[in-house]
Amino acid sequence: MPELPEVEVTRRRLAPVLVGRRIRRARVSGAAPLFLTPAPLLARRLRGRVARAVRRHGKYLLFELDDESRLVIHLGMTGQLFSSAARSPRLLSATARSALSPEEQASFRPDVHTHLRLSFEDGGPEVFLRDVRRFGRALHLAPGESHPRLERLGPDALRVTAGVLREVTRGRRAPIKSILLDQARIAGVGNIYADEALYRAGIRPTRRAGRLSAIDCDRLAGALRFVLRRSLETGGSSISDFVAPDGRDGRFQDERRVYARAGEPCLACGVPIRRMVVAQRSTHYCPRCQPR
DNA sequence: CACTTCCCCTGCAAGC
DNA sequence: TGCTTGCAGGGGAAGT
């Protein structure tokens, strides 16, 4: 489940194997809604292009191309961008993997879930976009063109401040967790890091956002920056699907305190972590360390 | 406008 | 063993 750290790890590790290489051919399979730009048009627009840079805003990746156009990719829940130079069986589901011989497992071969395949003029490693559940999105923007999805995004969560939090929570009656998940207010926070940051800030996910004090906002901003940065340092969270473009797993799942730990003791106080549903999402908290 | 609910999709684990 | 059921959740659309 790629959130900001996983998307940023993807950006950092994909850029070196993509930037500066001329695309010989783009093979696009599958239809809307994954490809907001029709597949044949997308393939045509990518052919012959060179990516100059890869940027990120929230959970969106923006590939800046040499004709001033942009390729935008959102990985959704199960999206994976990776290079054929990465040889990791983890790029496939357990079922798909078990159907392969050991030799086949050693190298990736495009499967039914591989929706975009880029080959290059230099004949080097290809780049793939794979998305089992197709919650991801890809679109091409002509020079100067934007898209409502991008324009709606709030400030990037990596640089969230107490001031930003005070602003986006003021007067809000919704649970603080709903606010954190709203990409129009803060871009990049998903379910894992919302729970982890709220735990570290000692704030219950159900607290009405408008009831946060200035001190709460300060703590929460610090906690958000901490968990996002720490996850980045450890290569992201590889809890179910995430694998970096180079095939490596992240390690932040080993440092999580509450997410998917329902029933297990709080590492600070020993009380069992509880699970509930907030904003239609599975939510985890310590009833003692997050009193309200 | 603020906020909630529904739904898209597939793999996987648990239960019978 | 093999079936069904529930769950995972990003985020837009529709509903309250």
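Heavy-atom basis, side chains included; hydrogens, waters and symmetry copies ignored. Just so it is clear: chains get the letters A, B, ... in the order the sequence lines come, proteins before strands, and each one is counted from 1.
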Strictly below 4.0 Å: does A/Arg134 bring a side-chain N or O up to OP1 or OP2 of B/dT10?
yes
Atom OH of A/Tyr60 and atom P of C/dG10: how far apart are they, to the nearest Å?
12 Å
Nearest-nucleotide pick for A/Arg133, side chain only, options being C/dG10, C/dG12, C/dA8:
C/dA8
Touch check for A/Arg208, heavy atoms < 4.0 angstrom, all strands: base, sugar-phosphate only, or nothing?
nothing
With a cut-off of less than 4.0 Å, is there a side-chain N or O of A/His113 near OP1 or OP2 of B/dC9?
no
Taking CZ from A/Arg261 and C1' from C/dA8, how many angstroms apart are they, rounded to a whole number?
19 Å
Can you check the A/Leu181 CG to B/dC3 P distance for me, whole Å?
14 Å
When all nucleic acid strands are considered with a 4.0 Å heavy-atom cut-off, which category describes A/Thr78: base, sugar-phosphate, or nothing?
nothing
Do any side-chain nitrogens or oxygens of A/Arg172 fall under 4.0 Å of OP1 or OP2 in B/dC3?
yes
Select one nucleotide: of B/dC6, C/dG12, C/dG10, the one nearest the side-chain heavy atoms of A/Arg149.
C/dG12
Can you tell me the distance, in whole Å, between the CG atom of A/Leu180 and the P atom of B/dC3?
14 Å
No-H, no-angle donor-acceptor pair, A/Arg281 side chain to C/dA8 base, under 3.5 Å:
no
Between C/dA8, B/dT4, B/dG11, which nucleotide gets closest to the side-chain atoms of A/Pro175?
B/dT4
Nearest-nucleotide 5' precedence on DNA chain B, A/Ala174 against A/Val112
A/Ala174
With a cut-off of 3.5 Å and sequence neighbours excluded, list every side-chain donor-acceptor pair involving residues 36-50 of chain A.
{"residue": "A/Thr37", "atom": "OG1", "partner": "A/His140", "partner atom": "N", "Å": "2.7"}
{"residue": "A/Arg45", "atom": "NH1", "partner": "A/His140", "partner atom": "ND1", "Å": "3.0"}
{"residue": "A/Arg49", "atom": "NE", "partner": "A/Asp66", "partner atom": "OD1", "Å": "2.6"}

For the side chain of A/Arg173, counting heavy atoms from C-beta on, which of B/dC3, C/dG10, C/dG12 is nearest?
B/dC3
Under a 3.5 Å threshold, yes or no: a donor from one side chain and an acceptor from the other, between A/His115 and A/Asp131?
no
Between atom CG in A/Asp195 and atom C1' in C/dA8, what is the gap in whole Å?
13 Å
Can you sort out the partners of A/Ala184 under side chain to side chain contact (heavy atoms under 4.5 Å, CB included), two or more places apart, ordered by chain and number?
A/Asp182
If hydrophobic clusters are built from ILVMFWY residues whose side chains come within less than 4.5 Å, do A/Val9 and A/Tyr259 share one?
yes
Nearest-Å distance, NZ (A/Lys177) to C1' (B/dT4)?
15 Å
Can A/Ile192 be reached from A/Val258 by stepping across I, L, V, M, F, W or Y side chains whose heavy atoms are under 4.5 Å apart?
no
Please report the distance, rounded to the nearest Å, between CE in A/Met276 and P in C/dC7.
15 Å
Considering only B/dG11, B/dT4, C/dA8, which nucleotide approaches the side chain of A/Ser178 most closely?
B/dT4
Please state how far atom CG in A/Asp182 lies from atom C1' in C/dG10, giving the value in whole angstrom units.
12 Å
